[in-house]
Amino acid sequence: MARASTVGGRHRRRKVVLTPVGEQLRDDLHPAQRQIQQAVERALSAGRGVSGVLDVGYSGPTAADVLLRAADVFQLRNPHCQVRIHEIQLTDLYGPIRSGQVDVQVTEGPVAEPDLTAGPLLFR
């Protein structure tokens with residue numbers, strides 16, 4: 001009867017047991033395997049859609065109503081993304097967007113700031 005050979009292991013009663021060299025190889029490759037699995041998971045998550053945290057600012061009650069409804073729909077469509085809503089104080093209307101505290105801001109127009117880009121009109 002011929003015995004099957006295995007890399008880094010030997011047969012014992014139909015069970016494969018790692019040799020010391022096989023154990024060392026497994027231990028040496030484990031961190032790299034974990035990194036590869038994490039990289040694949042990150043790529044899959046990115047392919048599924050938006051993930052992470054989206055900080056959204058608003059500066060008025062009308063914008064708040066629209067924004068809260070839009071955030072609910074967005075989170076249903078993108079379950080891996082958390083939406084955090086921030087009220088912007090009128091005393092520092094563009095400070096949070098400039099500092100990066102919020103990623104996007106819904107505010108009353110017109111916006112005439114040279115370092116900011118106004119998006120589409122959401123409502124009148």
Nearest 0.5 angstrom please: [X] [atom1] to [Y] [atom2], how far?
X: S59; Y: L90; atom1: OG; atom2: CG; answer: 6.0 Å
X: H86; Y: D55; atom1: NE2; atom2: CG; answer: 3.5 Å
X: I88; Y: I97; atom1: CD1; atom2: CD1; answer: 7.5 Å
X: Q105; Y: L116; atom1: CD; atom2: CG; answer: 8.0 Å
X: L93; Y: E113; atom1: CG; atom2: CD; answer: 8.0 Å

Going by distance alone, is a donor N or O of one side chain under 3.5 Å from an acceptor N or O of the other, for R34 and H30?
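Distance-only check passes for R34 and H30.
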
Measure the shortest side-chain to side-chain distance between [X] and [Y] over non-hydrogen atoms and say whether it is less than 4.5 angstrom.
X: Y58; Y: I85; answer: yes
X: L18; Y: R26; answer: yes
X: D103; Y: V56; answer: no

After noting the C-alpha distance and the side-chain angles of Q82 and R84, does the key distance pass the side-chain contact (heavy atoms from CB on, under 4.5 Å) rule?
CA-CA 6 Å; Q82 176 189 2; R84 294 189 300 211; 3.7 Å; yes

Looking at P96 and S99, what are the two nearest heavy atoms and their distance?
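In terms of heavy atoms, the two residues are closest at O-OG, 3.3 Å.
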
Contacts under 3.5 angstrom, residues 65-72 side chains, donor-acceptor by atom type, not counting sequence neighbours:
unit_1: R69; atom_1: NE; unit_2: D65; atom_2: O; d: 3.3

